[in-house]
Amino acid sequence: MALPTSDGAFRDLFHRDSANPILTPDDWPYPVNTVFNPGAAHHAGETVLLCRIEDRRGMSHLTVARSPDGIHGWRVDPKPLLAEDPGDATSMWGVEDGRITYVPELETYVIAYTAYGPSGPCVALATTEDFLSVQKLGAVMPPEDKDAALLPRRVNGEFVLYHRPVSTRDTTRPAVWLSRSRDLRHWTAPEPVLAGRQGPWWDAVRVGIGPAPIETSHGWLGVYHGVKQMPAGPIYRVGLVMFDLEEPARVIRRTPGWVMGPEADYETRGDVPNVVFPTGMLHDAETGSLRLYYGAGDSVIAMATADLAEVVDHLMQYG
Ligand code: BMA
């Protein structure tokens with residue numbers, strides 16, 4: 001449902017698929033608690049989702065699901081692609097929220113995920129060519145840091161990783177920063193990119209990057225989550241941002257309002273009610289459509305489509 005306003009900020013750009021939720025715990029070949037926050041990729045003519053599963057101990061792992069059209073006919077792997085490592089302090093409590101980027105230069109997919117251990121969540125990377133096996137690069141940012149996504153190519157000779165460190169001075173308002181690297185292993189000190197707005201704003205409490213941003217002629221199109229704290233709990237919604245193509249730390253456009261928020265019943269209930277948490281975005285160059293994959297209520301996976309040109313037009317009206 002659109003909520004029209006004078007500035008168009010709430011325009012209905014994203015359309016929920018009628019098959020939503022497209023993946024739930026009932027689709028899993030083994031017992032799980034919840035299925036959410038998937039990374040997305042085109043691979044071998046199919047859509048691959050790298051789904052976060054919370055098991056019945058409370059720990060998370062990442063498992064692959066494949067579908068011919070990205071909506072129906074999912075085939076779920078019988079075991080995880082990435083899981084907790086009891087011998088590794090950074091991931092002994094599991095792995096969460098993998099965002100996938102295909103990097104043509106490396107001819108590989110890079111998975112940026114949250115490794116979780118006693119020191120807190122931190123950003124880790126792994127690569128895969130086939131979604132059957134992975135090469136782990138391990139933790140690349142110290143805790144507490146999460147919500148990382150890599151750009152698909154170097155900018156001025158360096159790979160660029162958005163991530164969300166928590167400052168020890170202001171632990172209540174985590175924000176998006178970025179780091180740069182020539183080899184995906186050694187990263188520069190974080191540079192601030194995007195902070196929550198203050199007071200009553202829908203994204204005042206925290207913001208984090210969603211899926212890996214997509215390159216457009218106007219800039220890098222990013223989707224982010226923003227949180228508002230209500231007496232009944234937090235509300236996670238979705239906003240749009242455009243980063244400068246040559247200077248991806250520079251925000252050139254940002255929607256004032258959210259473009260998607262929890263409305264459907266599968267978004268307003270669940271283990272964490274009122275959460276729409278986008279982690280996968282695929283662009284179909286032939287049709288110009290975008291598919292946004294997201295966790296709903298931290299319990300199931302849903303998808304919404306949009307038209308890339310419409311999304312960019314909408315975003316470009318805001319300074
Ligand atoms: C964030 C992350 C996500 C989760 C979201 C809503 O901080 O932990 O994994 O989906 O909160 O609970």
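Start at 1 and go down the list; that is how both ligands and their atoms are numbered. As the structure is a prediction and not an experimental result, all values here were calculated from the model.
Closest protein heavy atom to atom 1 (C) of ligand 1: Tyr236 OH, 3.7 Å. What sits closest to atom 2 (C) of ligand 1 on the protein, heavy atoms only, is Lys146 NZ, 3.8 Å. Looking only at heavy atoms of the protein, atom 12 (O) of ligand 1 is closest to Asp298 OD2, 2.7 Å. Of all protein heavy atoms, the one lying nearest to atom 9 (O) of ligand 1 is Asp97 OD2, 2.6 Å.
A salt bridge links Arg57 with Glu84: at least one charged nitrogen is closer than 4.0 Å to a carboxylate oxygen. With respect to the salt-bridge test (charged N to carboxylate O, under 4.0 angstrom), the residues Arg291 and Asp17 do not qualify.
In this structure, Leu308 CG and His283 NE2 are separated by 4.5 Å, a value rounded to the nearest 0.5 Å.
Contacts with ligand 1 closer than 4.0 Å are made by side-chain heavy atoms of Asn37 only, the backbone lying farther away. Using a 4.0 Å cut-off between heavy atoms, Arg52 contacts ligand 1 through its side chain alone, with no backbone atom that close.
Aromatic ring centres of Phe131 and His43: separated by under 6.0 Å.
With respect to Phe243, the ring-ring contact (aromatic ring centres under 6.0 Å, His included) criterion is satisfied by exactly one of Tyr162, Trp220, Tyr224: Tyr162.
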